[in-house]
There are 2 protein chains.
Amino acid sequence: MEKGIVHIFGNGTSASIQLEHLLESEGYVLQQTSNMDGLQEMVLRDKPSAILIDLDEFGDRAWSVCSELKDDMVMRKAALILLSSNEDESLRVKGLEAGADDFVAKPYSPREMLARIKAISRRISTGDGKKIRVKDIEIDLDEHRVRKAGKPIDLTYIQFKLLYLLASRRNNVFSRKEILEKVWGKKVYVTNRTVDVHIKRLREKLGEYKYPSQYIETIHGTGYRFL
Amino acid sequence: MEKGIVHIFGNGTSASIQLEHLLESEGYVLQQTSNMDGLQEMVLRDKPSAILIDLDEFGDRAWSVCSELKDDMVMRKAALILLSSNEDESLRVKGLEAGADDFVAKPYSPREMLARIKAISRRISTGDGKKIRVKDIEIDLDEHRVRKAGKPIDLTYIQFKLLYLLASRRNNVFSRKEILEKVWGKKVYVTNRTVDVHIKRLREKLGEYKYPSQYIETIHGTGYRFL
DNA sequence: GTATGAGTGGCATGCTCCTTGCAAAGATTA
DNA sequence: TAATCTTTGCAAGGAGCATGCCACTCATAC
């Protein structure tokens, strides 16, 4: 099993200190903080395999974090676990529906927490591998890099997310609405035309000059599809 | 979110009956049994999206099931959730390490269980999506693509919706009024004749040259039907 | 035969998509 | 800090395609 970084948002209780030791003895690297600003950058940089958020400490702020993490396909690689001493059922349901992978009551057992982190990671790591290979295109999610016939292609942040989305489900047709939600996020409002522009720029960098497109196909009236 | 079948191994407690109703109202199909023999065949046949196993009832027999499911790539598509009234930490850890995706204590909240099933399914979902197969025609909703004898047929937006409507309920006769409402929407006003035109173009692309029609039958004075 | 419903070819219209240029915001460098 | 480069979002023009309707022909029911 692959080890990784674990972000813990919340202060150190006795259980969390035990958990810390357990995780470290298992080969995980820990990062604990009580400041949730700049979470997005942090997650993108460190690519943690798990994120623990203490609801008692962060409360409502945590919900927006859940949806951010849920929407971003790069960040989704992390197991998102919520902690709370509040046993209320509706809170648990809310958390799970907001995108969390698990909801654990405090006080919790460190050993069980470790087992849960492993169980979720197991799910995430299997299935979609870290590299996507389509034709002569190779997309490396961890390195955040794209190669065509071995030669690296420089893509901007949006271009990468767009390509990754399309390539992650070949032949699936994505509507512009879907693309906007997955690449830009639910709240951001950006024109449909803008999607076209980014598709064009992406096609350019992939080296598409002629019709029919070799990689990205336009489905008139519907959306785009990666061949 | 993709719905599916849920296998429940264990007898009906009051919570499980509530859960049953919840799942059904969400569009899931349930299969409950207290016999675990032939599990492998059952799972392979039904491809459930979740499997709930009551440890109180099955005890040690459950562990072998966990590892079977864990090892089989096909079966891994299902969310495996263990239930137990035994709060013992080591049991929970054992279950999770054996390959279960979640471990829930009894008595459990049906709504939370539903949320957990969804949370896990979200991770697993690979979107081998909805397909309709009629004769040698195959309609793939996700790929927004139609195949005849394996060969792709290019349909326009309206043609696709029209075909999908007709094929979704074979042998059902759709009046032009009904077709207009379902394909064009309630407010749009379009002539009946236009429906004919689209039927004609659709028939053309499906490769219908001679009478009687192989796919779309005209019911004089009434409407159309997909055979 | 007559009346009504259905099929067809062609064409104008409008919509969708592609492309280019530009301006604003962000990142980088000196 | 100022200057430069990069990224991003949008508007507008233009090309191509899907659509909807007309007018006409053909089929069906009585």
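Chain identifiers are assigned alphabetically (A, B, ...) following the order of the sequence lines, protein sequences preceding nucleic acid strands; residue numbering begins at 1 within each chain. Hydrogens, waters and symmetry mates play no part in the numbers below; they use all other heavy atoms, side chains included.
Counting to the nearest Å, the P atom of C:dA6 and the CD1 atom of B:I179 are 11 Å from each other. One interatomic measurement links the two molecules: CD of B:E204 to C1' of C:dT8, which rounds to 9 Å at whole-angstrom precision. Atom CD1 of B:I219 is separated from atom P of D:dT28 by 13 Å (rounded to the nearest Å). C:dC17 atom P lies 11 Å from atom CZ of A:R203, rounded to whole Å. For A:L202 and C:dC18, the CG to C1' distance is 15 Å, given to the nearest whole Å. Distance A:K177 NZ to C:dC17 P: 15 Å, rounded to the nearest Å. B:E217 has its CD atom 13 Å from the P atom of C:dA6, to the nearest Å. Going from atom CZ of A:R176 over to atom C1' of C:dC18 covers 10 Å, rounded to whole Å.
With a 4.5 Å cut-off on side-chain heavy atoms, B:E24 and B:L30 count as touching. Counting heavy atoms from C-beta on, the side chains of A:V146 and A:F160 come closer than 4.5 Å.
The residue B:F160 sits apart from the nucleic acid: no heavy atom pair falls under 4.0 Å.
Phosphate contact (OP1/OP2 of C:dC17, side-chain N/O of A:K200, threshold under 4.0 Å): absent. Phosphate contact (OP1/OP2 of C:dG5, side-chain N/O of B:Y224, threshold under 4.0 Å): absent.
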_B/S/- contact track for nucleotides 15-26 of chain D, protein heavy atom under 4.0 Å_ = ---SBBB-----

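Salt bridge A:E138/A:R145: absent, no basic N to carboxylate O contact under 4.0 Å. Ion pairing of A:E87 with A:R92 is present here, as a side-chain N (NZ or NE/NH1/NH2) and a carboxylate O approach within less than 4.0 Å. A salt bridge does not link B:R116 to B:D101: none of the charged nitrogens lies less than 4.0 Å from a carboxylate oxygen. The residues A:R147 and A:D136 are annotated as not salt-bridged, no charged nitrogen and carboxylate oxygen being separated by less than 4.0 angstrom.
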For residues 218-227 of chain A, tabulate all N or O donor-acceptor pairs below 3.5 Å that involve a side-chain atom, not counting sequence neighbours.
from	atom 1	to	atom 2	distance (Å)
A:T218	OG1	A:R203	NH2	2.7
A:Y224	OH	A:R176	NH2	3.0
A:Y224	OH	A:D196	OD1	3.2
A:R225	NE	A:N171	O	3.3
A:R225	NH1	A:E217	OE1	3.1
A:R225	NH2	B:E143	O	2.4

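A side-chain donor from one of B:Q159 and B:K205 sits under 3.5 Å from a side-chain acceptor of the other.
Comparing the local axis fitted to the first five base pairs of the helix from C:dG1-D:dC30 to C:dA30-D:dT1 with the one fitted to its last five gives a bend of 30°, rounded to 10°.
A perpendicular orientation is assigned to the rings of B:W184 and B:H198, their planes being inclined by more than 60° (bins at 30° and 60°).
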